[in-house]
Each structure stands twice: as C-alpha cells, then as structure tokens.
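Below is one structure, written out as structure tokens; the observations come after it.
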Amino acid sequence: MNQTPAERDYRDTLNLPKTAFPMKADLPQREPARVAWWQERRTYERRLAHNAHNPAWILHDGPPYANGELHMGHFLNMVLKDVFVKIALLDGKRATFVPGWDMHGLPIELETLKHLGIKDFHAIDPLELRAKCKERALYWLDRQRGVRMRMGTFGDFEHPYRTVDASFEATIVNALADLAEKHQLYKGLRSTLWCVHDETALAEAEIEYEPKVSPSVYVRFAADRQQRAKLLDRFALDMAPERVSVLIWTTTPWTLPANVAIAVRADAVYGLYQLDDEAIVVAEALASSVFAERSRDAVLLARATGEQLDGLDVQHPFAGRTSSIVLADYVDLETGTGAVHTAPGHGADDFETGVKYGLPILNPVDAAGIFTSEAGAYAGLHIFKANAKIVDDLRASGALFRAHDYEHSYPHCWRCHHPVVFRATAQWFIAMDQNRLRQRAIDAAEAVEFTPQWGKARLQQMLENHPEWCISRQRTWGTPIPALLCKGCNESILDARVARIAAERFAQAGADAWWSDPVTAYLPADFVCPTCGGTSFEKEKNIVDIWFESGVTHLAVLGKHDGLPWPSDLVLEGGDQYRGWFRSSLLTGVAIRGAAPYKHVVKNGWVNDEQGRAMSKSRGTGIDARDAMDKWGADVLRLWAASVEFIDDVRFGPTVIEHVSRVYRNIRNRVRFMLSNIDDLGAGDVIAREHLDPLDRLACEVVDAFVGDVKGMYDTFSIHDAYLRIVEFESAMSGLYFDALKDPLYSRAPGDHRRRSAQSALWYALQRFLTAVAPILPFTSEEAWQAVSPQLRGEMESVFDTSFPHHRHAVSPASLNLWQTLRDLRARVAASEIGRDFELQLHLEVASPLFEHLHALGDNLREALVVAQLTLGHAHGEAAQPIVRFDVTRAGGEKCRRCWKFRSLGSDPAHPALCSDCAHVVRDLDAAGEAL
RNA sequence: GGGCCGUUAGCUCAGCUGGUUAGAGCGCAUGCUUGAUAAGCAUGAGGUCCCUGGUUCGAUCCCAGGAUGGCCCA
C-alpha cells in the first residue's frame with residue numbers, strides 16, 4: 001500500500017454491485033439453450049408432479065393446422081396460452097397442457113398433391129396419397145412444435161394430441177357412433193361446387209377465378225290471371241296492363257330448368273313499371289339500368305317493398321309450374337333486377353333459401369353436366385351447350401326481355417380450368433334441430449363465461465343462424481365416415497354398430513383400414529339393410545369435415561383421467577373461432593356429452609401491422625414467428641404480447657418492438673441491480689422480516705401489494721393490466737428504494753445489520769418479482785434465477801419451482817400512503833436546484849399522524865430521501881397540509897471521499913478524508929486484511 | 001352488402017355507473033449523475049379524447065348518422 005491516507009480513494013473498500021447476470025440480454029443466442037435446459041431438467045414435468053395433489057386447471061389447446069409456418073398471430077395466441085398455464089403452475093395448480101395439431105384436410109392434401117406433381121387425386125392410390133399426406137403433416141407438426149417450444153412454451157410436447165393418430169381417429173368415429181345413436185345424423189342433398197369435366201365435387205380452396213363471357217339474360221316470369229290479381233293487390237293497384245311479369249336476371253340460363261323461386265329483399269323497394277303494353281316488376285334502384293335506353297318510356301305505376309311481395313307466385317317461363325317469391329337478405333341492388341332467380345339445386349345461397357322455405361331441391365343435371373329427364377325438353381344436352389338453346393326458346397316464347405354477352409370473373413376448376421357449377425349432391429349432416437341441438441347449444445353457452453362478454457352473444461347468434469352442419473367431404477385425406485351403401489336398394493346407412501366396429505378397428509390399425517379392409521370386416525353379425533333387408537354392402541368413400549375432427553378434440557384429450565378433467569377450464573383462440581372451433585366444440589359437446597366442453601372462452605385479437613392493417617403474405621407484411629424470435633428474442637416478443645390489449649386487435653412491427661425492447665431493458669437492469677447487490681448474501685445472513693429496518697419492511701409490504709395486484713389481474717386474464725403494474729412497480733422501486741439503498745449497501749461494512757437488512761429485502765423483492773413476471777418473461781426470470789447463488793435458491797432449482805404466495809399478505813393502506821409520501825418527498829429533493837443528494841440537508845416539519853410515521857423510519861427516512869443530513873420536526877396544531885416545512889439547504893461539512901455524504905471529516909487521523917462511519921468500516925477492513 | 005368489434009398524446013394503453021387542470025410507461029427535450037454506466041435520477045413539452053348532429057345544466061364517456069380499420073359472413 002503505497003498511497004498516503006490523503007490520496008487513498010477507498011473504492012476497493014466499498015461493496016460495489018457484482019453479478020454474472022449480464023446487462024446485455026442476447027436473447028436470440030441465449031434462449032434456445034434455455035429451452036434445452038428446461039427439457040433436460042424436466043422443469044415443467046417436475047412442477048406438475050409437485051402440484052399433483054392440488055386442483056387441476058386445464059387450458060385445452062385449440063389445434064393449429066399443421067401446414068405452413070407459424071406467424072405472429074400464432075405467436076400471440078400460443079404465448080398467451082402459455083402465460084396462463086404458467087400462472088396456474090406457479091399458483092400450484094395441476095395445469096397439464098397438452099398441445100395438439102389439426103392434421104387432416106384439404107389444404108394438406110392439396111399441398112401434398114402439388115408436391116407430388118399430381119393434379120387429379122383420383123389418379124393416385126388413396127392409401128399412397130394418405131401416407132404422403134401424413135408424412136407432410138408430420139413434417140409441419142415437427143416444424144411448428146420446434147417453434148412453439150422456442151417460444152418458451154411449457155407443455156407435453158413429447159405427447160401432443162394429433163388428429164392423425166389412430167386413437168384420435170377412433171375418437172372421431174366413436175363420436176359419429178354416438179351421434180348416430182341419438183339420430184343426430186342424416187343424409188340429404190346439398191349444393192356443392194362441382195366440376196362437370198372432372199366429375200367431382202370441389203372445395204372452396206380448389207377454385208380459381210378467371211374471366212369468362214356468359215350470356216346475360218333478363219327473363220320474364222309472367223303472372224297468370226289469378227297471380228296477376230294478387231300481385232296488383234300488393235301494389236294497391238286497380239288498373240294495369242294485361243301482361244304482368246317479374247323480371248329476373250341470370251348469367252347461367254342452364255340453371256333455369258331448376259328454378260323454383262324468385263328471391264327479393266325484404267327492405268328493398270320494387271316498382272311496377274309500364275313499358276309499352278306490359279307491366280314489369282323490378283327493384284326501383286335498378287330500373288334505369290334494366291330498362292337502359294328505354295328508361296324514359298318506362299312509367300312507374302306503383303311501389304311495394306320486397307316484404308309485401310313475399311309469398312306471391314308467378315309462372316315459370318317454360319317448366320309449366322309456378323315459381324314463388326321469397327325473401328333473402330343476400331339479394332343485392334347493384335346488378336340484375338333485384339329479383340333473383342333461385343334454383344336451390346344450383347347455388348349455395350339458393351340452397352339455403354330452398355331449405356328455409358321448404359322448396360324442392362331440383363337437380364336435373366348428372367355428374368357429367370348432362371341434363372336428365374327432369375329437365376324435360378333439354379334432357380340429354382350438356383348444360384353449357386344448352387345455354388344457347390334455352391335463350392333461343394325464351395326468345396321464341398316471348399319470355400326473354402333482353403340478352404347480351406357479359407364478361408365477369410367466374411370460378412373455374414383449378415385442375416382442368418373449366419367453369420364449375422353448383423350441383424346438389426347427397427351429403428351427411430348433423431341435424432341442428434334434432435333433439436333440440438341448436439337450442440341446447442345456445443342454452444349451454446349461457447352457462448359459459450366469455451371474455452369479452454359479447455362473445456357469448458356472438459357465438460349464440462352463430463348457432464341461431466347455423467345451417468345444417470354438413471360433415472362429409474369427398475376427399476382422401478381424412479377420417480372416413482363409416483357409412484355403408486346397400487347394394488340392394490342403394491340406400492346409405494350410418495349405423496352406430498358399424499361405426500363402433502370401425503372405431504375399434506381404427507384404434508388398432510388407423511383409419512387407413514377403411515380403404516384396405518373388406519366391407520365384411522365392419523358388419524355386425526346378422527346385419528341387414530334396414531330399408532330392403534339386403535345383406536350386400538359397399539363402403540362409402542366420404543371423409544369427415546375437419547371442423548368436426550377439431551370439434552371433438554375435447555373428447556380425445558379430456559376426461560380420460562383425473563389429470564385432464566372434462567370440461568376444460570379455459571379455451572383461448574382468435575375471434576375467427578367463434579364460427580370455427582368454439583362453435584364446433586360446443587355442438588359436439590352438447591350433442592354427445594350434454595354440456596359445453598369448456599367453462600370459459602377467451603378470444604384474442606388479430607395481429608395487424610403497425611398501421612393497423614391486416615398482415616398478409618402477399619403484401620409481404622406477414623412476419624414469421626421464428627424469424628421474429630431470431631431477431632428480437634422470445635422474451636421481448638412475449639413482453640410485447642403482454643403490452644398490448646390482446647382481446648382487441650393488436651399491432652406489431654419493428655417500431656412497436658423497439659419500444660417494448662426499452663421496457664424490457666429497464667426490467668432487466670433492475671433485476672440485475674437486485675442480483676448484483678445480493679451477491680455476497682449467504683443463506684444464514686438473511687434477516688427475518690420482522691427484524692428488518694423499517695424502510696425495508698415497508699418495501700416488502702409494497703412488494704406484497706404488487707404481487708397481490710398482479711396475481712389478481714392474472715386471475716382475470718388481465719395480462720395487459722399486469723404488464724402496466726409490473727412496469728409501474730419496477731420503476732417505482734428503482735426510483736425510490738434502490739436509490740435509497742445504494743449508500744447503505746455500498747458503504748456499510750459487508751456484514752453490517754443495515755446492509756444485511758437491505759439485502760434481505762432485495763432478495764425478497766427479487767424472488768417475488770421473478771415469480772410474478774415469470775409467466776410473461778420465462779427466459780429472463782429463469783436466467784436471473786440461475787444467477788442467484790444456489791445457497792439462496794435452496795431446493796428451488798428453477799424459477800418455476802417458486803410459487804405465488806399462498807396467503808395474501810395484508811398490506812396496510814397507511815404503508816402504501818407512506819411509500820407514496822416518500823416518493824413525493826424524494827422527488828422534491830431531487831428537483832432541488834441547490835445541489836445534489838448528499839450535498840443537501842433537509843429540515844422537515846410535519847404534522848401528526850405523518851410525523852409519527854416518518855419518525856418511526858429513523859435514519860431510514862434520510863436514506864430514502866438521499867440527503868446527507870436530515871432533521872424532522874413535529875408541527876403542532878391544525879395544519880391544512882401535513883408538511884409544514886420543507887427546507888433544503890447545503891449540508892455542512894465536506895464530502896466524505898468514501899461515501900460521498902457531506903459530513904464532518906477527519907475524526908480518525910489515519911483517514912482524514914473520511915467521515916467517522918467510513919473510517920470505522922475501513923479500519924475494520926484493514927485490520928481484517930492484515931490479519932490474513 | 002350484413003353481423004360484431006375498435007378508433008384517447010409519436011408508440012402501447014388507463015380513464016368504473018356522464019362533472020378529472022384527461023392519466024401511466026416508453027420515446028422526445030432539458031438538467032443531474034458517472035460507485036446499476038451501451039446503465040441510473042429529476043424536470044418539461046406533447047391531446048379539437050375520429051367527425052357531425054342529438055339528449056343533458058354539463059359528454060371522451062349516453063343516443064343517432066358518418067368516416068376509418070379489423071374479424072366473420074355474403
């Protein structure tokens with residue numbers, strides 16, 4: 001030691017912060033190793049086992065579709081799920097989370113076919129195609145699983161549920177058996193997209209829109225004598241031309257043979273126009289475009305609303321039957337006549353209207369597009385060739401009002417590029433009103449909690465307007481509907497006994513068996529056709545709608561054992577799932593188990609770009625979840641997920657993340673401050689709460705209040721509120737408490753009671769804080785937890801071994817008030833123009849009861865206000881303000897070289913530049929050093 | 001076109017049942033600190049609460065219409 005006492009800077013005698021926890025997060029680099037660490041340590045499984053005797057709390061995973069990369073919408077949803085699961089785990093619940101994947105269905109089948117370079121799925125052996133599809137789906141599952149785990153998500157990722165598993169396929173078929181037993185299934189007609197060239201049904205996704213020139217024809221549906229009288233009556237008209245007709249417009253004349261109705265809009269105004277010697281009904285809004293150059297000649301005789309026209313009949317132009325006027329809300333007033341030609345066999349809307357009004361569903365067209373005998377004179381003609389003949393005939397009969405060519409965008413088959421048509425085909429349905437299913441589902445929703453609350457009305461409305469649920473698809477990649485076709489009478493049979501046999505068989509061999517087994521493998525003993533008594537059958541080749549498959553995940557995953565009770569406590573998905581999974585799960589739950597399969601439905605919003613616009617791959621604004629994590633790290637993105645109000649639509653983009661990153665850095669640095677100041681705190685040094693210094697006890701109370709608040713917010717899924725509370729808390733802790741502790745922590749002797757008290761409080765705050773933020777920031781809290789000495793951590797290897805306090809500590813409002821008062825006083829000191837912190841002395845005079853509160857803090861009050869000297873006076877009498885005097889002045893004495901407080905120095909001749917407190921500490925340290 | 005939801009400081013969001021100088025954090029500006037230092041502290045400037053009407057003594061908050069964005073459906 002060559003320095004003279006006068007030169008010595010004493011820095012080495014301070015207890016400066018020290019920690020291995022780095023300031024720089026390097027999340028993208030560090031996080032993957034942490035995922036592996038959790039895996040190796042089986043952190044999640046161990047915590048679950050630890051909670052084994054406590055109540056279960058199950059979040060049931062809605063399965064993502066195993067196709068394509070996960071985007072930020074997935075990230076938000078999956079991270080939120082994980083946040084709730086972690087909250088439950090830390091709360092001691094048995095929060096088993098079984099992630100799942102939706103793996104059948106057309107998108108994967110199409111992608112696989114594309115991959116194989118095959119255009120027609122009939123051209124490949126179904127079993128071969130299924131094998132390839134499965135391979136493809138498993139590939140995506142693996143990729144998505146990797147990304148989900150990379151997010152820091154806890155769950156049984158080694159045993160996810162998968163809709164392609166044999167056991168899952170068996171569940172699906174058993175569900176069908178249940179429904180069959182309850183007579184909830186039937187086979188009926190439905191308008192589906194059809195390619196007459198390929199002779200196959202098509203799905204929405206197999207359609208490409210291409211420009212097409214079609215005949216645009218306006219056709220008179222004339223009223224006969226009686227019909228005319230009623231019609232005039234509705235228009236409140238006595239006199240009118242003899243010939244009265246309703247004018248329709250169509251670009252598909254070949255569908256006219258199947259016409260059974262004309263749809264009008266209830267709230268639209270229709271006019272009866274006289275043109276030459278006839279009267280014509282069209283929507284007023286479209287009259288000028290319909291009459292075109294003859295508009296001036298058309299005279300409006302009377303008006304009526306669509307509603308007033310409801311139920312009238314007119315004559316079909318050539319089929320020799322009537323066509324009734326019905327109401328439909330899809331009728332638009334921008335093209336055509338406002339009176340829409342309705343052929344339930346040839347259109348989706350038309351079909352719904354047909355079902356609603358009980359109209360006949362005519363389908364006079366065979367699979368190849370040839371008119372059947374039902375089409376009368378047109379039988380044997382190809383529908384597209386018949387167009388011209390029909391128009392000619394209409395012209396000849398005088399029914400044609402106007403015709404011209406019309407170019408529009410029209411759906412074409414993606415394979416052969418021929419125009420597609422709608423054609424009624426036989427499909428399997430779940431009967432919505434059988435067993436009052438619809439109403440019971442609506443009632444079941446009543447008992448479910450919804451966040452946001454309007455979700456209930458939304459879901460109930462979906463059910464209210466729900467058409468019959470068509471569950472059959474004519475494709476290969478899916479679970480077969482185990483229906484039989486009687487060779488004797490051609491009847492379709494879906495028998496529960498057959499379905500049970502199929503379920504058992506699929507449970508062993510997977511659903512492929514349906515393609516490879518002989519039909520006899522599925523026949524119960526003595527099975528005969530219920531219609532004709534026949535004994536010879538074929539297997540039907542329909543698969544089940546994937547919405548039905550995902551709709552039974554609750555049956556496949558829950559209720560199998562105590563760990564996973566049915567129903568689940570929570571489901572959480574995007575708002576599109578009101579129509580999707582929330583709905584399908586509810587319907588199967590009610591139909592099969594008689595109740596909703598979940599207790600609470602939470603909806604998360606959509607992730608839009610920074611301008612609030614929808615992200616899209618095509619515009620290049622879609623962001624891949626993995627890319628985002630590689631760039632910013634999962635924890636920053638998770639913090640983003642907490643920082644937005646996830647119930648509403650949220651925004652995501654680089655600038656948004658830049659802001660969140662700053663908040664993240666704040667949190668990280670404050671955690672680092674706590675860690676770096678307890679580095680030398682041994683387990684035996686920790687002081688019991690009741691023996692802490694008053695300021696430290698107060699801080700612990702503030703921590704308890706914080707934890708209580710955050711836990712309360714977590715319990716109501718108010719993640720965003722919790723985020724705000726976390727940010728507010730750590731900034732308050734930092735501003736007041738950390739600043740106050742620096743001097744005692746740094747300048748007291750290492751084992752000084754004041755210092756150990758401060759450290760003990762910091763350790764308490766750190767534990768509580770890390771537990772509280774762990775659901776949102778698992779990587780960072782775990783990293784911090786690992787930076788705590790093993791001695792302090794004790795048995796709790798992971799931050800996920802810690803828990804929210806079982807009992808909420810009672811926090812007195814007086815304490816929180818006192819804390820706030822200290823913050824205010826501290827701010828006043830800090831804002832002082834006279835000098836900085838330890839250059840200052842403060843004279844305070846306050847009235848009761850504040851005086852007593854402040855007085856009880858002792859020297860901690862001076863520490864909290866970060867001044868060198870402080871005097872506290874008791875103001876007596878009635879004062880409007882509790883603080884009567886607040887005098888900041890320059891402190892007397894000089895700046896102690898070691899602790900920087902202004903004091904009288906030199907009491908110890910060996911250390912002339914030190915205050916007496918510091919001199920004592922240094923003497924002891926020096927003595928200890930020499931003793932070595 | 002229909003149903004539902006949103007629109008409050010540059011950003012993310014609070015503002016409960018109508019009366020507040022409309023708030024917080026981040027960012028920004030200024031100052032301090034340099035023993036949390038690619039950190040910390042303090043202060044300050046930012047808002048016609050989407051627009052237009054209406055109800056009311058009084059509206060960011062209620063009602064109607066519109067604009068705009070989103071989801072679902074057509």
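Each chain gets a letter, A, B and so on, in the order the sequences are listed, and its residues count up from 1.
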So, is [X] close to the [N] phosphate, meaning a side-chain N or O under 4.0 Å from OP1 or OP2?
X: A:Arg836; N: B:C32; result: no
X: A:Arg651; N: B:G70; result: no
X: A:Tyr746; N: B:A36; result: yes
X: A:Ser734; N: B:C41; result: yes
X: A:Lys24; N: B:A38; result: no
X: A:Trp606; N: B:G70; result: no
X: A:Asn666; N: B:G40; result: yes
X: A:Arg670; N: B:C41; result: yes

Any non-hydrogen side-chain atom of A:Leu861 less than 4.5 Å from a side-chain atom of A:Leu822?
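Yes - at least one pair of side-chain heavy atoms lies under 4.5 Å apart.
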So what does [X] touch, heavy atoms closer than 4.0 Å: a base, only the sugar-phosphate, or nothing?
X: A:Gln461; answer: sugar-phosphate
X: A:Ser643; answer: sugar-phosphate
X: A:Asn669; answer: base
X: A:Leu14; answer: base
X: A:Asp349; answer: sugar-phosphate
X: A:Glu645; answer: sugar-phosphate

Cation-pi between A:Arg903 and A:Phe838: NZ/CZ under 6.0 Å from ring centre and within 45° of the ring axis?
no
Under 3.5 Å, is there a donor on one side chain and an acceptor on the other for A:His911 and A:Arg898?
no
Between A:Trp469 and A:Asp545: side-chain donor-acceptor atoms closer than 3.5 Å
yes
So which nucleotide from [options] ends up closest to the side chain of [X]?
X: A:Arg458; options: B:C26, B:A39, B:C72; answer: B:C72
X: A:Asp648; options: B:U12, B:C41, B:G6; answer: B:G6
X: A:Asp739; options: B:G70, B:G40, B:A14; answer: B:G40
X: A:Asp576; options: B:C72, B:U12, B:G35; answer: B:C72

Interatomic distance, A:Phe838 CZ vs B:A42 C1' [rounded to whole Å]:
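Distance check: A:Phe838 CZ to B:A42 C1' gives 16 Å.
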Classify the ring geometry of A:Trp819 against A:Tyr737: parallel below 30°, tilted from 30° to 60°, perpendicular beyond 60°.
tilted
What base-paired stems does RNA chain B take part in, with at least 3 consecutive Watson-Crick or G-U wobble pairs and both distances under 3.5 Å?
B:1-7 with B:67-73, B:10-13 with B:23-26, B:28-32 with B:40-44, B:50-54 with B:62-66
Applying the side-chain hydrogen bond (donor to acceptor under 3.5 Å, both in side chains) criterion to A:Gln759, which one of A:Asp679, A:Asn15, A:Asn677, A:Asp680 satisfies it?
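Checked A:Asp679, A:Asn15, A:Asn677, A:Asp680 against A:Gln759; only one passes side-chain hydrogen bond (donor to acceptor under 3.5 Å, both in side chains): A:Asp680.
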Can you tell me how far P in B:U56 sits from the matching atom in B:U48, rounded to whole Å?
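These two P atoms come out 29 Å apart once rounded.
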Hey, does the side-chain of A:Ser731 have a donor or acceptor N/O within less than 3.5 Å of a partner on the base of B:A24?
no
Would you mind calling B:G46 syn or anti? Take O4'-C1'-N9-C4 for purines or O4'-C1'-N1-C2 for pyrimidines, and syn is within 90° of 0.
syn
Using the six-membered ring for Trp and the full ring for Phe, Tyr or His, decide whether A:Trp900 stacks on the six-membered base ring of B:G35 (centres under 5.5 Å, planes under 30°).
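Yes; by the centre-distance and plane-angle rule, A:Trp900 counts as stacking on B:G35.
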For the atom pair CG (A:Leu14) and OH (A:Tyr746), what is the distance rounded to the nearest 0.5 Å?
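Atom-to-atom, A:Leu14:CG and A:Tyr746:OH are 9.5 Å apart.
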With rounding to the nearest 0.5 angstrom, report the CZ to CG distance, A:Arg438 to A:Leu587.
9.0 Å
Candidates A:Trp632, A:Tyr664, A:Tyr723, A:Phe652 - the one meeting ring pair (Phe, Tyr, Trp, His ring centres under 6.0 Å) with A:Trp640:
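Filter result, single survivor: A:Phe652.
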On RNA chain B, does the nearest nucleotide to A:Trp454 precede the nearest nucleotide to A:His659 from the 5' side, or the other way round? Give the residue.
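The residue closer to the strand's 5' end, by nearest nucleotide, is A:Trp454.
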